[in-house]
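Only one structure is covered here, and it is reproduced in the block below.
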Amino acid sequence: MALFDVPKRNTKETDLNLVKKTQAVKKQNVVRAGNSLIDRIATIKANVERNLGKYSSEFIVIQDEISLHNYILHCIENNAVAIDTETTGLDPILDTIVGVCLYTPNQQAAYIPINHISYVTGAKADNQLEAEAVASELDKLIKAGIDIIMFNAKFDIRVLRNQLGLKDIYCTWDCYLAARLMNENEPSNALKKLHQKYVLNDAEDEFTYDEMFKGIEFNKIPINVAYLYAAHDAKITYELYEFQKKYMYYDETCSPEDRNGMNGVAWVFFNIEMPCVSVVADMEDTGVLFDILYAKKLHEKYSVLLDEKVNNFYRLCEDYSEEINQYLKNNPNSKLEQPINVASPSQIAILLYDILEIEPVDQKSPRSTGEAVLQKIDNPIAKAILEYREVSKLISTYIDKLPNCVNPRDGRIHCSFNQYGADTGRMSSSDPNLQNIPSHNKDIRKMFTASDGYVLMSSDYSQQEPKVMTQMCGDPKMIKAYQEGKDLYAEIAALSFNTTYDNCLEFRPDGTTNPEGKNRRSQAKSILLGVLYGRGVPSIAEQLGTSTEKAQKIKDSVFKGFPAIPQFEQDSLDMAYELGYVTTLWGRKRRLPDLQLDEYEFKWKDGSRLNADILNFEANEDTEVDIPEETIQKYLRKLRRCRFGEKRKIFEEANKEGIWIVDNGAKIADAQRQCVNARIQGSAADMSKLAMILVGKDERLKELGFRLLIPVHDELIAECPIENAKECKERFAQLMSDAAKSRLTIPIKCDVELTKSWYGESVNI
DNA sequence: CAGCTATGCGCC
DNA sequence: AAAGGGCGCATAGCTG
């Protein structure tokens with residue numbers, strides 16, 4: 001947004017601020033000047049021509065049907081095309097398509113304008129193709145079944161479906177997903193960054209949309225300028241694909257277990273990630289029906305509750321009004337407002353630790369006001385703050401936010417799923433995030449409902465991660481427990497603590513509760529889940545409400561009874577140290593470069609110390625002097641010998657010598673924890689995606705009107721017409737159970753819940 | 001204002 | 001001595 005159209009605000013703006021802003025928008029080769037739209041387009045035009053003008057002969061604009069037809073023939077001949085779409089925004093449903101870019105080898109990259117308008121009059125620009133004409137030509141590519149390469153295909157697929165009506169548009173190679181699989185630690189996954197780094201070898205800079213057109217919709221950019229930018233994208237997508245293709249291919253003669261090469265990763269690409277794209281696109285297009293009226297009722301209900309909580313907090317503060325006033329008098333510059341802002345952690349910290357002088361609970365962060373800390377503070381104010389936060393979170397993040405996310409055309413929420421959101425391979429959800437809707441609270445999820453005449457269906461994998469872990473450990477006793485339908489935690493407890501299975505259950509056979517059994521079971525559970533998360537013994541002890549020593553003994557017993565568990569931990573660590581990465585059951589990689597770090601790094605304090613030998617003319621003046629090996633060894637010896645708490649002294653000692661010691665201990669420990677967790681969480685993610693593919697592409701379910709709505713990691717939410725619920729339910733459960741059969745021998749059972757609204761009352765059929 | 005980090009918290 | 005994996009997002013508070 002430019003300076004001139006910044007909305008008027010109450011705050012006074014100094015001239016200095018305005019000057020600073022003007023300076024801030026100037027960047028490199030991009031100049032911003034002028035205030036009117038006409039001036040700004042002129043500036044953009046100049047920028048584009050200066051930076052992309054070199055492509056003017058390489059790229060073409062296709063403005064008639066015959067040229068388009070000929071280009072499509074070239075694509076089919078080549079059996080490959082890169083496609084990119086240009087739109088007025090990022091919403092494939094509400095925003096409009098502006099043009100399509102194509103590139104096929106040995107041809108000029110082509111831009112096909114469809115919906116450009118004059119930035120002066122707003123009238124539709126001349127010499128563009130009709131959407132229908134473009135659609136019918138693109139349909140020929142689809143019918144021919146040629147390779148279609150895209151970057152972040154889900155978006156372009158949705159645009160082409162919604163804007164051009166291309167129902168069967170597909171993608172064979174998504175460079176975004178390939179890039180994520182090839183290096184999930186890549187600092188940026190933007191097309192231009194990846195192309196710049198891997199195709200151009202960082203030789204030249206490329207400009208992003210915002211750097212070129214910030215704040216201007218693409219349909220207002222004149223065609224003779226726009227094509228330079230747009231066609232470029234299709235071309236670099238293809239070039240990135242050619243780069244990736246060299247490394248990611250599946251060798252039939254090589255098993256997916258080949259963990260040294262890319263075979264496992266390629267298998268995941270072709271058999272999990274790529275087939276998943278259209279399923280995810282379907283879910284986003286479908287959306288989920290939202291009950292705005294019910295949300296309004298919740299707003300009323302929870303607003304009253306919030307008022308109560310705030311008032312309760314202030315009422316409790318009144319007991320300390322003298323102390324608060326005294327504090328304000330002594331600390332006139334403090335951040336404490338009057339009244340206190342309950343939502344401000346810094347003000348709460350002042351209240352609790354400075355005014356009420358409560359002893360810090362957590363020595364590591366003595367001024368924390370987090371939930372865990374507040375729960376331990378025995379003061380009604382702490383409780384009041386927690387209650388306030390609970391309600392305010394519900395209102396701001398869900399009750400008041402979600403209604404604004406509803407698409408006015410269909411009353412549904414179409415969020416965005418990032419298919420490779422987490423580095424482990426898990427999906428994520430945003431705008432809004434539908435994977436963190438409260439489940440503990442029974443009101444919130446009910447805002448999501450089935451379509452009229454439909455019923456909601458949810459199916460989850462029970463104990464997905466423990467099952468995956470059992471499979472990867474390969475422990476026969478654990479596998480047997482699942483095969484016999486036993487409770488894994490109880491079985492582990494029984495065999496670890498030398499007692500019977502029945503003695504490790506919460507309930508006795510006669511239905512009465514067995515506190516000792518419950519305790520044994522939860523101990524075994526804590527140990528197993530602790531391994532899964534890389535949790536430390538003291539933390540497990542805290543969870544179990546016991547001493548660290550006790551927890552260590554419990555862990556020892558479990559590890560002794562189930563040596564496959566520590567063996568699996570060790571194998572995972574070995575794999576990561578040897579190969580630099582761990583793998584999932586299906587071959588996805590999680591690279592952990594931090595594991596290769598030295599525990600301590602030694603650097604000169606003032607950056608680099610240059611070679612001080614003035615007489616050594618041979619030496620490059622940038623040559624750094626290494627820190628003498630004996631000095632490094634001296635400190636390493638000290639650090640290895642020292643007790644905890646003495647580290648800092650040694651660091652300071654080195655500091656006085658001008659040496660800066662970097663302690664990588666925490667990073668290495670993080671990576672070690674990730675070794676086990678990434679394998680389990682990643683394998684579970686593979687499994688859930690396989691289920692989505694099987695369910696989402698099932699022809700029979702499609703016939704029945706069944707559609708997936710939301711994946712929540714180990715759970716799939718869907719809906720289907722009520723009259724088909726019975727068949728859908730059975731087929732849904734069966735497909736989910738079968739999805740992981742290729743690698744999981746443990747029995748998988750899925751129960752399907754039928755409801756009218758999410759987590760609402762069960763519907764019987 | 002835009003954009004960043006820190007803190008805190010919802011989910012699996 | 002302490003030791004929880006993976007996300008997205010709201011608000012506060014700071015900076016450019």
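Order of the sequence lines fixes the chain letters, A, B, ..., with proteins taken first and strands second; residue numbering starts at 1 for each chain. Every value quoted in this text rests on a predicted model; they were computed, and no experiment measured them.
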Inset, instruction - Give the rounded distance in Å between these two atoms: CD1 of A/I710 and P of C/dG8. - result: 16 Å
Inset, instruction - Classify the nucleic acid contact of A/L394 as base, sugar-phosphate or nothing, counting any heavy atom under 4.0 Å across all strands shown. - result: nothing
Inset, instruction - Please state the P separation for the pair C/dA2 and B/dC9 - nearest whole angstrom. - result: 22 Å
Inset, instruction - Answer yes when A/E719 and A/R412 have at least one side-chain N-carboxylate O distance shorter than 4.0 Å, and no when they do not. - result: yes
Legend entry - Lys NZ or Arg CZ of A/K689 over A/Y420 ring: under 6.0 Å, within 45°: yes
Legend entry - A/Y398 side-chain proximity, nearest of B/dG10, C/dA10, B/dC9: B/dG10
Inset, instruction - Could you tell me whether A/D431 contacts a base, only the sugar-phosphate backbone, or nothing, with contacts defined as non-hydrogen atoms closer than 4.0 Å? - result: sugar-phosphate
Inset, instruction - Look at all strands and tell whether A/R367 reaches a base, only sugar-phosphate, or nothing, counting heavy atoms closer than 4.0 Å. - result: nothing
Legend entry - Side-chain N or O of A/T369 closer than 4.0 Å to phosphate OP1/OP2 of B/dG8: yes
Inset, instruction - Do nucleotides 1-7 of chain C as a string where each nucleotide becomes B, S or -: B if the base has a protein heavy atom under 4.0 Å, S if just the sugar-phosphate does, - if no protein is that close. - result: B-BBBBS
Inset, instruction - Identify whether NZ of Lys or CZ of Arg in A/R679 sits under 6.0 Å from the centre of the six-membered ring of A/F568 and within 45° of that ring's axis. - result: no
Inset, instruction - Answer with base, sugar-phosphate or nothing: what part of the nucleic acid does A/S392 contact at a heavy-atom distance below 4.0 Å? - result: nothing
Legend entry - salt bridge (Lys or Arg N to Asp or Glu O under 4.0 Å) pairs, two or more places apart, involving residues 537-549 of chain A: A/K376-A/E542
